[in-house]
Amino acid sequence: SGLHANGASLARSVAAELGDGYGTLLPSGRSLGEALLDRSLIYCSLVRSLLSGQAGIHYLSHITGHGLLKLMRPRRELGYVIGELPPVPEVLEFLVAHARLSASAAYSTFNMGCGFAVYCAAGAGDEVVRLAAAQGLTALVAGRVEEGPRRVVLEPLDVVFQSEDLDLGPG
């Protein structure tokens, strides 16, 4: 649903370089400032449904700062192979283009339309999608989890994040 907590500093930097700043119009006719204020989706109802259902939930994660690197948050030697990505919100496409970010930088900075990740038992993805739809949320079975090495593979973009890319702790 837009920026969430991803890349607010970069958004301010991009706006500062635009002639109309936050008043710059996006292709849809909305202003950048208006689009940056889109409400973040809240997933509490979905989580409640998932935890009380039969989807075999293993892990849940918001995708906020550091984008899809957050898929590696569990400290286990697992690979997260993403075969399908959701549509990218217009405001994020705009920021990525104006900041001249590569796909790798964009997906490790912004959520790029991925606000929440549900790790469930094999074969339970369709049930997760159904439960999300019942809450008015759009979801998709994006990929799979494999035994090590610890990494995220974004197949549609030919982007791979390695374990050390998520080393966000103090050195």
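Keep in mind the model is a prediction, meaning the values are calculated, not measured.
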Minimum-distance pair of heavy atoms, taken over all atoms of Ser45 and Gln135:
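Closest approach of Ser45 to Gln135: CB-OE1, 2.9 Å.
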For Leu3 versus Ala11, what's the shortest heavy-atom pair and its separation?
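Looks like CD2-CB, 4.4 Å.
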Restricting to side-chain contact (heavy atoms from CB on, under 4.5 Å), what partner residues turn up for Arg144, sequence neighbours left out?
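Applying side-chain contact (heavy atoms from CB on, under 4.5 Å) to Arg144 gives Val81, Glu146, Glu155.
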Set of side-chain contact (heavy atoms from CB on, under 4.5 Å) partners for Ala97, sequence neighbours left out:
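Scan of Ala97 (side-chain contact (heavy atoms from CB on, under 4.5 Å), adjacent residues dropped) gives none.
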Apply salt bridge (charged side-chain N to carboxylate O under 4.0 Å, His left out) to Asp38 and list each qualifying residue two or more places apart in sequence or on a separate chain.
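Salt bridge (charged side-chain N to carboxylate O under 4.0 Å, His left out) check on Asp38 returns Arg30.
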Do [X] and [Y] come close enough that some side-chain heavy atom pair is under 4.5 Å?
| X | Y | answer |
| --- | --- | --- |
| Gln162 | Arg150 | no |
| Tyr80 | Arg151 | no |
| Phe116 | Leu41 | no |
| His98 | Leu18 | yes |
| Val153 | Ile82 | no |
| Leu131 | Leu50 | yes |
| Val141 | Glu84 | no |

With a 4.5 Å cut-off on side-chain heavy-atom distances among I, L, V, M, F, W and Y, is there a chain of contacts connecting [X] to [Y]?
| X | Y | result |
| --- | --- | --- |
| Tyr22 | Leu26 | yes |
| Val129 | Leu71 | no |
| Val118 | Leu85 | no |

Working for side-chain contact (heavy atoms from CB on, under 4.5 Å), residues Leu68 and Cys114:
CA-CA 8 Å; Leu68 295 189; Cys114 307; 3.7 Å; yes
For residues 51-61, which side-chain donor-acceptor pairs fall under 3.5 Å, sequence neighbours excluded?
unit_1	atom_1	unit_2	atom_2	d
Ser52	OG	Arg48	O	3.1
Ser52	OG	Ser49	O	3.3

Anything under 30° is parallel, anything over 60° is perpendicular, the rest tilted; go ahead and classify Tyr43 against His62.
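Perpendicular: the ring planes of Tyr43 and His62 meet at over 60°.
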Enumerate the residue pairs fulfilling side-chain hydrogen bond (donor to acceptor under 3.5 Å, both in side chains) with a member in residues 106-120, sequence neighbours excluded, ordered by first and then second residue.
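Qualifying pairs: Asn6-Asn111.
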Determine all donor-acceptor pairs shorter than 3.5 Å in which one atom belongs to a side chain in residues 86-95; sequence neighbours excluded.
unit_1	atom_1	unit_2	atom_2	d
Glu90	OE1	Ser28	OG	2.7
Glu90	OE2	Ser28	N	2.7
Glu90	OE2	Ser28	OG	3.3

So among Thr64, Leu69, Ile63, which one has a side-chain contact (heavy atoms from CB on, under 4.5 Å) with His66?
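The side-chain contact (heavy atoms from CB on, under 4.5 Å) with His66 is passed solely by Leu69 among Thr64, Leu69, Ile63.
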To the nearest 0.5 Å, tell me how far Leu10 CG sits from Leu101 CG.
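With rounding to 0.5 Å, CG (Leu10) is 5.5 Å from CG (Leu101).
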